Structures are given as structure tokens and as C-alpha cells.
Amino acid sequence: MTETAVVVVGMGPVGALLAALLGSRGVATVVIEPQELPYPKPRAAVLDNEALRALGLVPGLPPAEKWSTPVAAGGVIGPDQRPLLMIGQNGRAYGHPALARLDQPALETGLRAAAEATGSVRVLTGHSVTGVEQSDGTVTAVLDDGRRVTGQWLVGCDGTGSAVRTAAGIGFTGTTYPQPWLVVDAVGGEVDGGPSVAFVADENRPCVVMSQPGRWRWEWMLLPGEDPREMAADETVRRLIAAWTEPAGLRIERATVFTFHARTADRWRAGRVLLAGDAAHAMPPFAGAGLGTGIRDAVTLAWRLADAVAGDDRALDGYERDRRPDVERTTALALRIGRVVQSRNRTVMRLTRGVLRTVAALPGIGRLGSRPPVVRRALPNPAVRVAGGAPTTLDEVIGYRWAYLGHGCDPRDVTDGIPDGAVLLALDHPDPRPGCLPITDLDGLLSGRAGTVTVARPDRFPHTTIKRS
């Protein structure tokens, strides 16, 4: 007998987002999390506009300015800290900044609260999962105190060392790289200019630096023979910081040495067990996309689970097919960037700096960030008016639901079989029947042939286009 519809193991940002989205759809969910409170120190550094958009679909999550800061510029600087190629990041897509610095503890706190506020999510903190058992129609998480939690589906969001993945017998193929890096987060100090993210093209000690008013992050590559414990010691950290700002005015939040992985689960589903986030894939940090890919996993998976709980088991068939190509492309990009960033070959770095200076001198390069970045095939998020009301965004109107957008028509005049809970929209059709919202696209982004219907999934990717028969 099931106690719940979905069991989520792990309540980091991916697990908390998944639980919040399931709860918003009324899906009974139990989350199992060892930690009583979110981890209090910074971890993930940045999010792109796709991840920011996905988080914006969570009802009750505090606004983005409470847990993120838009990045003003990003690029590469030289060993002398002078820009080689810095590009403005003031472009927006989906109504969100191209890139934002993340306050992960604040985000996790907000996601936990949003999940619990749905009334459909129960959180069991202070417990770990020691085993997973499956039978026809159910899956059970065995807890460290002997208790058992049974559901229709179980999702492992429990990180790279996933106990769920191990219990399900799923391999984690790839490479763990031995190269250590020191990451330091600090609060205070003076920051020139707006928030920025920059790689430092320095063959003597490769580095990444992120700054914003009142906050810094540095990541330094350790050199051969350096002891990780000595490098993370306060005296060493402050000596490294002194090249960038006065260390006496800083409070060090975190100083730790890490190595990184490029690994992907052999499969993301085993029977009634699924994986998301770092449990499904781990990638090098150089593209700044590790958490963002996990967030996209959650927003892609939650609606599929909701449909599966409602009786459509086939809804889950497309989850890995949707997400694996994006993860593989992003991992490959991170590896390519890492090969350049970590180079200590003086000739290579000298040539790299020269090329970057040449590119930076080309007309208009510094303004590239003002253009919206190239995005995937997701439904746009323009400013709209509903029935002549105040401007809002399409995402605010739709929420985390299926959407049927009629171009110059009421969707019900073109198609039937619309699922319960879907939102019906009529673009440039002022008088649809009750139950359909008339909208006006203020940005002109919702293109489509008159008399057709665009069907978009809750994660905003178009499902199909229906033509009038």
C-alpha cells in the first residue's frame, strides 16, 4: 500500500524544486533529507536564464532579487587583472538576465518553504536512505532508522554519491579528474564596477574570479606539489586574496579544495526509480552549468511524474531522451573550456591572450551581451495583456501547466481532448468562450499561423502544433 505518490530523496535545490513543482500540481510527495536545514555556505556560483525561468515557475518562491544578482559582464582578464575580452551581460531572454550570481542558501530556503506551502509535500529531515526496494506498482525507500516510505515513484536527487543510484544498480560512467582547485568565498571588501565573472588567463596560476558588491569568489588551480590543507589555510588564502583586494576587510565564508567529475548515469530510470541533478550527471565547473542542468531536469521531470501518477506511465519515457543530449553538450563544453582555462603552457596562453585582445578590438564586440542570447526551442515569455488588463508575462499567466495557445482562435474550436487543468489562451481573438483567456502579445514573439494551436508542455517546450481540420 502506498503512503505517497512520489518519494524524493535529497532536498538540495534540485530535490526541493522537484518537490515544489509536484506539490503545485497537487501530487502527494514525501522528501527524505539528512540535513535539518539547508547547507549555510555558498556552493553553486551562477545560473543562466533558462534556469532562472524554471525557478520562476514555482508558486510562492521569493522573487529572484532575494536570491540572485544579475551579472553585468563576463569574459577573460589577464594576469595583470586588465580585461582581455569582457562582454556586457545585459541581454535578457525569457524575461530574465543572461547570467546571475546565486545565493544558494537563500534559494534553498525559499524552495523548501514553497514546497511545504503547497500542502502536498511532507519533509522528513534527519534521515538517510539505506536501501531501495521495488515491487509491482510500488517502490520503497528504507531509512537509516528502519522506517520505510512507499510510493508509486522514487527520484534520487541525492548528489554524485547517490545512494539511490547505487541501490538501483545504475552505473556512473565517466572520469574523475585529479586536478585540485581551491575555492574561496568571502564577504566584504570593495568591488569596482558591477557584478562580473572572469577567467584569468595566467599560466602561472589559472584562476576564476567572481565579484559583486560586498561579495567575492575566487577559484585557484593548485600547482604540482602543493598541499590542499595548507592551501586552504587562512594565512595562504589571505595571501592569495591580497593580489585582488585588501584581505583584512573580508570575512572568509568558505575555503575548500575540490576535484571535479565528468560522469553520467548509464540510465536515468530503473523501473520506478529515476535520477535527477548530480545523481544523474556531474560535470566540470568551467561552464558554470552544473546546477542549471539539474534545475532543467526537475522542471522537465515534475510534469511527467504528475501525469504518470494520474495514470499515464508513458509520460516518463521521454525524460532521459529530453535531458541527456543537453547534459552531454554542456559537459563537452565545460571540458573544452577547462582545457583552455587550466593550461600552463606559456606559448598557448600568450597566443590566447593575443587572440582575445584582437577579438575585443572588433567593432561592437563589447556590446554583444545586449542582444538576447541564442536560446533553445522553448516557448517565448513575452509581456502580455489578458482581457485588456495590466501587462504581465506569459509565464505568470500559464504557471506550471499545459498550455493551449490558439492563434486568432479559441483552442477548443480546433482540437478536443484537452487535458484537465490546462490553460486555454486565445491570441488576438477578443471574444473566446468562457474558460479561455484572450491575450495580446505586447512583444510580438508568439508567432503562428491563424487558426492553429501551439501546445506547450509545463516546462515551456512546444509539444505540437495543431491545425484546423
Side-chain angles (χ1 to χ4, degrees), residues 2-38 51-64 66-67 104-127 129 138-139 141 149-158 164 272-277 279 291 294-312 315-316 319 395-403 419-423 457-460:
T2 62
E3 297 178 30
T4 189
V6 178
V7 180
V8 176
V9 180
M11 206 177 193
V14 174
L17 172 60
L18 180 63
L21 291 174
L22 288 169
S24 75
R25 296 287 296 265
V27 177
T29 303
V30 172
V31 186
I32 302 166
E33 165 57 42
Q35 303 302 318
E36 298 286 348
L37 298 171
L52 293 167
R53 184 188 196 184
L55 290 164
L57 301 177
V58 179
L61 181 68
K66 297 292 186 180
W67 43 265
Q104 186 170 334
L107 172 61
E108 289 193 35
T109 298
L111 284 171
R112 285 197 183 196
E116 293 182 287
T118 66
S120 297
V121 177
R122 182 163 57 100
V123 182
L124 297 178
T125 58
H127 296 285
V129 170
T138 65
V139 57
V149 181
T150 300
Q152 294 174 245
W153 304 96
L154 184 147
V155 186
C157 300
D158 51 342
V164 170
R272 293 187 168 269
V273 173
L274 300 109
L275 304 174
L291 177 56
I295 286 171
R296 289 194 281 277
D297 293 348
V299 78
T300 300
L301 179 57
W303 69 267
R304 293 181 178 278
L305 278 168
D307 287 0
V309 168
D312 182 9
L316 292 167
Y319 166 56
D395 280 356
E396 288 287 339
V397 175
I398 296 175
Y400 190 64
R401 299 180 287 177
W402 282 87
D420 293 340
V423 60
R457 309 179 324 195
D459 59 4
R460 294 302 186 268

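Given the structure is predicted, the values throughout are model-derived calculations rather than measurements.
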Beyond-backbone contact of [X] with [Y], side-chain heavy atoms, under 4.5 angstrom:
{"X": "Arg112", "Y": "Thr125", "result": "yes"}
{"X": "Arg25", "Y": "Asp307", "result": "yes"}
{"X": "Lys66", "Y": "Pro63", "result": "yes"}

Give me the atom names and distance for the closest heavy-atom approach of [X] to [Y].
{"X": "Leu55", "Y": "Leu61", "value": "O-CD2, 3.4 Å"}
{"X": "Ser120", "Y": "Gly26", "value": "OG-CA, 3.7 Å"}
{"X": "Trp67", "Y": "Pro62", "value": "NE1-O, 2.9 Å"}
{"X": "Ala5", "Y": "Val27", "value": "CB-CG1, 3.8 Å"}
{"X": "Asp459", "Y": "Tyr400", "value": "N-CE1, 4.3 Å"}
{"X": "Ile295", "Y": "Val14", "value": "N-CG2, 4.1 Å"}

Any chance you could lay out the side-chain contact (heavy atoms from CB on, under 4.5 Å) test for Leu274 and Leu305, step after step, and finish with the verdict?
CA-CA 10 Å; Leu274 300 109; Leu305 278 168; 4.1 Å; yes
Kindly check if the number of other-residue, nucleotide or ligand heavy atoms within 6.0 Å of CZ (Arg122) is above 12?
no
State which residues pass side-chain contact (heavy atoms from CB on, under 4.5 Å) with Ala114; sequence neighbours excluded, sorted by chain then number.
Val58
Short side-chain to backbone donor-acceptor contact, Arg401 and Ile398, under 3.5 Å:
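Side chain of Arg401 to backbone of Ile398, a donor-acceptor pair under 3.5 Å: yes, one is there.
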Are the side chain of Glu108 and the backbone of Pro38 linked by a donor-acceptor contact shorter than 3.5 Å?
no
side-chain contact (heavy atoms from CB on, under 4.5 Å) partner of Val30, the single match among Val8, Val149, Leu154
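Among Val8, Val149, Leu154, the one meeting side-chain contact (heavy atoms from CB on, under 4.5 Å) with Val30 is Val149.
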Among Val129, Asp158, Val164, which residue satisfies the side-chain contact (heavy atoms from CB on, under 4.5 Å) criterion with Ile32?
Val129
Roughly how far apart are [X] [atom1] and [Y] [atom2], rounded to 0.5 Å?
{"X": "Trp303", "Y": "Leu21", "atom1": "CH2", "atom2": "CG", "result": "13.0 Å"}
{"X": "Thr4", "Y": "Leu22", "atom1": "OG1", "atom2": "CG", "result": "9.5 Å"}
{"X": "Leu37", "Y": "Met11", "atom1": "CG", "atom2": "CE", "result": "11.5 Å"}
{"X": "His127", "Y": "Glu36", "atom1": "NE2", "atom2": "CD", "result": "8.0 Å"}

May I ask you to decide whether Arg460 forms a salt bridge with Asp395, counting only side-chain N to carboxylate O separations under 4.0 Å?
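A salt bridge links Arg460 with Asp395.
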